[in-house]
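Below, chains carry the letters A, B, ... as their sequence lines are ordered, and counting in each starts from 1.
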There are 2 protein chains.
Amino acid sequence: MNLDDRKKKILSSVVEDYISSAEPVGSKTLVDKYHLEYSSATIRNEMKLLEEQGYLEQPHVSAGRIPSTKGYRYYVDNLMKEKKLSMVDINYIDNSITGFGDTEKLLEQAADVISKVLTRPTVLTLKKQDLLENIKIVKVSDKLLLIIILSQNGTVKDCFAKLTDSVQDQTIEELTEILNKNLVGTPLENLSLVLNNVIAKELTAFSFVLDKICESIKYEMSKEQKKLSANVESILELPEFSDVEKAKNFVNMISTKEVIDEALEKTKSNGLGIIIGSESKEVMLKDCSIISLDIEKDNKHIGKISVISPKRIDYSKTISTLKYINTKFKNLLLNDKDEGG
Amino acid sequence: MNLDDRKKKILSSVVEDYISSAEPVGSKTLVDKYHLEYSSATIRNEMKLLEEQGYLEQPHVSAGRIPSTKGYRYYVDNLMKEKKLSMVDINYIDNSITGFGDTEKLLEQAADVISKVLTRPTVLTLKKQDLLENIKIVKVSDKLLLIIILSQNGTVKDCFAKLTDSVQDQTIEELTEILNKNLVGTPLENLSLVLNNVIAKELTAFSFVLDKICESIKYEMSKEQKKLSANVESILELPEFSDVEKAKNFVNMISTKEVIDEALEKTKSNGLGIIIGSESKEVMLKDCSIISLDIEKDNKHIGKISVISPKRIDYSKTISTLKYINTKFKNLLLNDKDEGG
DNA sequence: AGTTAGCACTCAAGAACTTAAAGTGCTAAA
DNA sequence: TTTAGCACTTTAAGTTCTTGAGTGCTAACT
């Protein structure tokens, strides 16, 4: 399982050249471009051995070599040097992720900016388990209420309730208090269920308002936890997808919740997970890599941002980017807690 | 400019066959599939005349005919029969557009659902001119405020302000009142400007809170009025884009604000506008059609949903869909006003 | 005069073949 | 152990050939 220095150098060069060129790498290219101090014949011999050991593969006999899943894995685990992000990228990220939005908006911004920096699609998955922090009801006008739902993960949702009769300011205040007394700490997904109980139990007097509120909240919560895919179109730029049929398949795959869920199941390892090609059980992903970052708040896992790409992707830059985002989020979300409680 | 009945029948059949098949239509196809009671030779003669008059064109001499821009236009204006939407589509639309969200969310839902029903991308453009209806400030915790900005067009925006010191409930109340007194009716885009003036003038006492609020609002408002493109990937299904290069161009075009803006400039005619191919000045759109719906609220134009497609699109279904959405919105947005004032 | 059958003609798309280039693996020499 | 050299393989690109779809025109027909 261990390679000598020369093999390491060759493997590393093949991976890096292929990542940037998308063309199988031949022995001559390595001599010319990477100034390896061996002849092309020697490199050919070594590459043959690397292929026999499963690190490289050959699309056909007269082509150069491309890294196999095992080759990428060895590169990522042993050979890759961590790159520093360019100032351009850092500035772009810093300007794009501000602390003003709620958690969900922050994560969306991050998924978006990552996809731009890496020119690959990203998928954002939010953890469903989120508890109610607070409900506020704002009377917009006589018969229109704005309901604001704050979650403990720091997400804000708002929805309208349109009433059939007008309602007093004081009623709203009382109602808000009662709702919060009964609902704080409830998982968001159970909210409408518990709400129904509250109504049944003690709030029949308010039901003309509460029914509407309940209806609205129920709908808002029933919406499937959004899975946002950013920058899916970016794949069109990749030579891997010069065939529309392949592009279509990839898009369909990304949109298939199950495929992604399955893959993400086991992507966790100190916040950063990498699945390369056939390491995933999902056959549809056999030519793809998923690199994903777990986002935590108050030591609780609240969501995940995943970069989805053909196996050919700049792993080093991807990891630097995700790490940078991670520290950024640590600060952003920490501040909430420190200053907010 | 007027065509006899036989020419109308032939033109109409060519357009409809081409819309569904994406293949140039030959004389024999017309006889077989559309049971036109003339021989193929007669139809050939007629098609030649239609081509000479500019209604049809021929990709090459041994191919059938496809409609020209002029042909589509004649079809849309004179020949097309309005289709009823299927119950499936109506149900899908009804279930997808609920009245619980704010205007912006409603429009996003609509743009999304339209793109699904028509399997074409849609672009949502929101009118910038929107005045402040109300600002609410909610104290989430000691040092964290949630600022809710309600616009007269019915859009809700919220952002956080993180304070360095804790703040009294009463301060918030006073502040909210002062802000509303000074800011209601201000165009959203000027909000932070006017806010700065307010601070300077009379609110120096609150500045430790207000500065943060101002910063947050400023950012929230500075975000370019989002132009949301839904379902861009759907183009991959169209034979027009079996070449990735073309798909790429199309995506880039959609993402180029200027191109779309230019085209949309003059899409208004009783709410529904149709631009076909070279009717647009923008050369990039010469093979595309844009069908767009103006959304009004209280007789004010607040936004536009546009379907963007190759010229080959089911115009009849598109128009039915947009009309249905339009009546739906009339009700949804009317309710706001009636009940809300 | 309008319509239609018939036929020669054109062109694109695909099949079959040819060629050129890239890159290998092996052998034998350094 | 390394390397020069060469025969060999395979793809990609280019060329030619073939087929089929569909036309436009002419001449006959109603």
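Taking every side-chain heavy atom of B:Y38 into account, C:dT4 is the closest of D:dG20, D:dT10, C:dT4. Between C:dG25, D:dT2, D:dG24, one nucleotide has an atom nearer to the side chain of B:Q58 than all others, and that is D:dG24. When each of D:dT10, C:dT10, C:dA5 is scored by its nearest atom to the side-chain atoms of B:A41, the top-ranked nucleotide is C:dA5. When each of C:dT4, D:dT10, D:dG24 is scored by its nearest atom to the side-chain atoms of A:H60, the top-ranked nucleotide is D:dT10. For A:S39, the side-chain atoms get nearest to D:dA4 when compared with the rest of C:dT4, D:dA4, D:dT23. The side chain of B:S62 lies closest to D:dG22 when the candidates are D:dG22, D:dT9, D:dG24. The side chain of B:T42 approaches C:dT4 more closely than any other nucleotide in the set D:dG24, C:dT4, C:dT24. Counting only heavy atoms from C-beta on, A:V61 has its side chain closest to D:dT9 among C:dT3, D:dT23, D:dT9.
B:R65 has no carboxylate O lying under 4.0 Å from a charged side-chain N of B:E57, or vice versa, which leaves the two without a salt bridge.
Under a cut-off of 6.0 angstrom, the local environment of NZ in A:K8 is crowded, with over 12 non-hydrogen atoms contributed by other residues, nucleotides or ligands.
Put simply, the side chain of B:R44 and the base of C:dG6 share a donor and an acceptor less than 3.5 Å apart.
Here B:S27 lies in heavy-atom contact (under 4.0 Å) with sugar-phosphate atoms only. A:A63 comes within 4.0 angstrom of the backbone, heavy atoms only, and of no base. Among the atoms of the strands shown, only primed sugar atoms or phosphate atoms (P, OP1, OP2) are found under 4.0 Å from some heavy atom of B:K48.
Between A:Y72 and A:Y18, the ring-plane angle classifies as tilted under the 30° and 60° cut-offs.
Judged by the 6.0 Å and 45° rule, A:K246 forms no cation-pi pair with A:F241.
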